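Notes for the one structure printed next.
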Amino acid sequence: MNEQQLLYNIALTRIGHFSLASALHLYRTLGSGEEIFLHRNEAQDILPDCSPRLIDNLKDWSEPLKRAEVELEFCRNNNIRVLCLGDDNYPKRLEDCADAPLVMYYKGNANLNQSRVINIIGTRHCTTYGADFIRRFIHDLKALCPEVLVVSGLAYGVDINAHQQALAVGYETVGVVAHGLDYLYPAAHKDVAREMVNHGGLLTEFMTCTNADKGNFVRRNRIVAGMSDACILIESAAHGGGMITAGIAFDYGREVFALPGRVGDHFSEGCNNAIRENKAMLLTSVEDFVKTMGWEDDALRIEAQKKGIERQLFPDLSPEQQRIVDVLTKSNDLQLNQLSVKAGIPIGDITSILFQMEMMGVVKPMAGGNYHLLN
């Protein structure tokens, strides 16, 4: 994406801030902020139920474009990447969510589309029980699944514990923050954040000069939920940010797990309620988690490598099957519609082809509707 397109996309986030659904619909329909600018007088015809406020805001792009130039200059000077909806580097799991951000800002080096992505979230008042479980869980997960991206919100309590333990075992970890990347909240986590930039990253949808206001935390929670395969709720009161994130993940169709706690414990009440209401699965061990997620092939591959067993070549594949393998080799764990586009195979045909490949042991359907190429 060239600089001009980036400018218009950033400007659109200013114009459509209070009409995200309409702005997102126009963006998906026309393909870019620049195209929306060129067709700004036809927005009502393109989207009959377009927000009147957005229709009015689309008339004048002068201030948003000036602000976009300032933002882009800051990004250039601070090694920050601008990720736009539809870009290859944009988190693909998040891309299909109805309220995905149009633009995000990313400072880091981790691949946001790794084959395994989890988020670990919960209360800011993490107890010893929760902290000990996070440490054991991440340590044990690393042994079974060596390549997992750990996502959280860089907040006090569960979040910072998750980031620190991920770094300790060699996992990359990304913090999704509720403000611009020109400062850090909370400042007490600056040393951890600095390490994360080199072994993961910081991600936000907010421009510079945006404070960490209360409403922004709720907005950022959907990014944490949407970019992950699974949501792991460690400890939470009956109401709070962790419960909001877990609820969003549940609505997105992600797998949600919760650590049970003792009846009557304030910071286990939310977890226990989620399990009781079948909105989260009981989390007691890494082995159960890996099995539920269908990630056992990681453990099998590790064992085979230890024994010096070479990877077996795939059986004879048809041209269409080979195209699917080639796509998944470059970017594993894709949803059906993404795989259809990248492989150039119509949805009506690719479903039966994938079923044949599943029977052959070449691919495996995963949580969240993704297809995984077996190693």
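Please read these numbers as outputs of a predicted model, since none were measured by experiment.
The residues Asp229 and Arg93 are annotated as salt-bridged, a charged nitrogen and a carboxylate oxygen being separated by less than 4.0 angstrom. Checked for salt-bridge contact, Glu320 and Arg323 miss the test: no charged N lies under 4.0 Å from a carboxylate O. The pair Lys291-Glu287 does not meet the salt-bridge criterion, since no charged nitrogen lies less than 4.0 angstrom from a carboxylate oxygen. The existence of a salt bridge linking Lys92 and Glu95 is confirmed by a sub-4.0 Å separation between a basic side-chain nitrogen and an acidic carboxylate oxygen.
Clustering ILVMFWY residues whenever any of their side-chain heavy atoms sit less than 4.5 angstrom apart, transitively, puts Tyr156 in a cluster other than the one holding Ile134. If you chain together hydrophobic residues whose side chains sit under 4.5 Å apart, Tyr171 and Trp295 fall into the same group. In this structure, Tyr371 is a member of the same hydrophobic cluster as Leu317, with clusters built from ILVMFWY side-chain heavy atoms closer than 4.5 Å. Both Leu65 and Leu102 are part of a single hydrophobic cluster, where members link through side-chain heavy atoms under 4.5 Å apart. Put simply, Leu282 and Val256 are part of two different groups of oily side chains (I, L, V, M, F, W, Y) that touch within less than 4.5 Å, one to the next.
A distance of 5.0 Å separates CG of Leu373 from OG1 of Thr329, quoted to the nearest 0.5 Å. Interatomic distance, CG of Leu58 versus CD of Gln44, reported as 10.5 Å (0.5 Å rounding). Of the inter-residue distances, the one linking Thr29 atom OG1 with Leu47 atom CG reads 7.0 Å to the nearest 0.5 angstrom. Of the inter-residue distances, the one linking Leu181 atom CG with Glu71 atom CD reads 8.5 Å to the nearest 0.5 angstrom. In this structure, the separation between SG on Cys271 and CD1 on Ile232 is 11.5 Å, given to the nearest 0.5 Å. In this structure, CG in Leu12 is found 9.0 Å from OG in Ser32, a value given to the nearest 0.5 Å.
Judged by distance alone, the side chain of Asp60 and the main-chain N or O of Ser62 form a donor-acceptor pair under 3.5 Å. Looking only at distances, no side-chain donor or acceptor of Asp349 sits under 3.5 Å from a matching main-chain atom of Pro346. Using a distance-only test at 3.5 Å, with no hydrogens or angles considered, a donor-acceptor pair links the side chain of Asn119 to the main chain of Val224. Between the side chain of Thr351 and the backbone N or O of Ile347 there is at least one donor-acceptor pair closer than 3.5 Å. Within the 3.5 Å criterion, the main-chain N or O of Cys231 finds no donor-acceptor partner in the side chain of Ser228. Counting only distance, with no hydrogens or angles, the side chain of Asn161 and the backbone of Gly157 share a donor-acceptor pair below 3.5 Å. In this structure, the side chain of Arg116 does not engage the main chain of Cys145 through any donor-acceptor pair within 3.5 Å. For Thr173 (side chain) and Val151 (main-chain N/O), no donor-acceptor pair under 3.5 Å exists by modelled atom type. Between the side chain of Asn111 and the backbone N or O of Asn113, at least one donor-acceptor pair lies under 3.5 Å. Ser152 places a side-chain N or O within 3.5 Å of a backbone atom of Ile120 that can act as its donor or acceptor partner.
The shortest distance between side-chain heavy atoms of Asp132 and Arg135 falls below 4.5 Å. No side-chain heavy atom of Cys97 sits under 4.5 Å from any side-chain heavy atom of Met227. In this structure, the side chains of Tyr105 and Val82 come closer than 4.5 Å at one or more pairs of heavy atoms. For the pair Phe206/Arg219, a side-chain contact is recorded, criterion being any heavy-atom separation below 4.5 Å from C-beta on. With a 4.5 Å cut-off on side-chain heavy atoms, Trp61 and Tyr8 count as touching. Here the side chains of Val158 and Phe267 are not in contact, with every heavy-atom distance at 4.5 Å or above. By the 4.5 Å heavy-atom criterion applied to side chains, Phe217 and Thr245 are not counted as neighbours. Inter-residue side-chain proximity for Leu141 and Ile118 is flagged as met; some heavy-atom pair is nearer than 4.5 Å.
No hydrogens or angles considered: nothing links the side chains of Glu147 and Gln114 as a donor-acceptor pair under 3.5 Å. Side-chain N/O atoms of Asn273 and Arg276 include a donor and acceptor closer than 3.5 Å. In summary, the side chains of Thr208 and Arg67 do present a donor paired with an acceptor at a separation below 3.5 Å, with no hydrogens or angles considered. Using modelled atom types, one finds a donor on one side chain and an acceptor on the other under 3.5 Å when comparing Glu235 with Thr127.
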Full working for side-chain hydrogen bond (donor to acceptor under 3.5 Å, both in side chains) between Asn77 and Glu73: CA-CA 6 Å; Asn77 293 337; Glu73 180 68 17; 3.3 Å; yes
Step-by-step side chain to side chain contact (heavy atoms under 4.5 Å, CB included) determination, Leu54 to Leu26: CA-CA 11 Å; Leu54 180 59; Leu26 285 174; 4.0 Å; yes
Residue pair Lys330, Lys342: steps toward the side chain to side chain contact (heavy atoms under 4.5 Å, CB included) verdict: CA-CA 11 Å; Lys330 294 179 181 177; Lys342 289 180 179 293; over 6 Å; no
CA sep, side-chain torsions, deciding dist, call: Arg220, Thr204, side chain to side chain contact (heavy atoms under 4.5 Å, CB included): CA-CA 7 Å; Arg220 75 94 187 268; Thr204 186; over 6 Å; no
Verdict with supporting geometry, Phe137 and Leu283, side chain to side chain contact (heavy atoms under 4.5 Å, CB included): CA-CA 10 Å; Phe137 180 87; Leu283 180 65; 4.0 Å; yes
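Using a 30° and 60° split on the angle between ring planes, His179 and Tyr183 fall in the tilted class, from 30° to 60°.
When all heavy atoms are compared, the tightest approach of Leu24 to Ala98 is CD2-O, 2.7 Å. Taking both residues in full, the closest heavy atoms of Ser268 and Gly261 are given as OG-CA, 3.3 Å, listed atom of the first, atom of the second, then distance. When all heavy atoms are compared, the tightest approach of Leu149 to Glu172 is CD1-O, 3.5 Å. Nearest heavy atoms, Phe133 versus Thr284: CE1-O, 4.0 Å. Minimum heavy-atom separation, Ala100 to Tyr90: CB-OH, 3.6 Å. Heavy atoms only, all atoms of each residue included: Met243 and Ser236 are closest at CG-OG, 3.1 Å.
Under a cutoff of 6.0 Å and an axis angle of 45°, Arg40 and Phe37 form a cation-pi pair.
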Under 3.5 Å, which donor-acceptor pairs do the side chains of residues 13-22 form with other protein atoms, sequence neighbours left out?
residue	atom	partner	partner atom	Å
Thr13	OG1	Ile10	O	2.5
Arg14	NH2	Glu63	OE2	3.0
Ser19	OG	Ser51	OG	3.1
Ser22	OG	Ser51	N	3.1

For a quick test of your reading: what N or O donor-acceptor pairs under 3.5 Å do the side chains of residues 185-203 make, sequence neighbours left out?
residue	atom	partner	partner atom	Å
His189	ND1	Leu154	O	2.9
Asp191	OD1	Arg194	NH1	3.0

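Other residues, nucleotides and ligands contribute only 12 or fewer heavy atoms inside 6.0 Å of the CG atom of Asn79.
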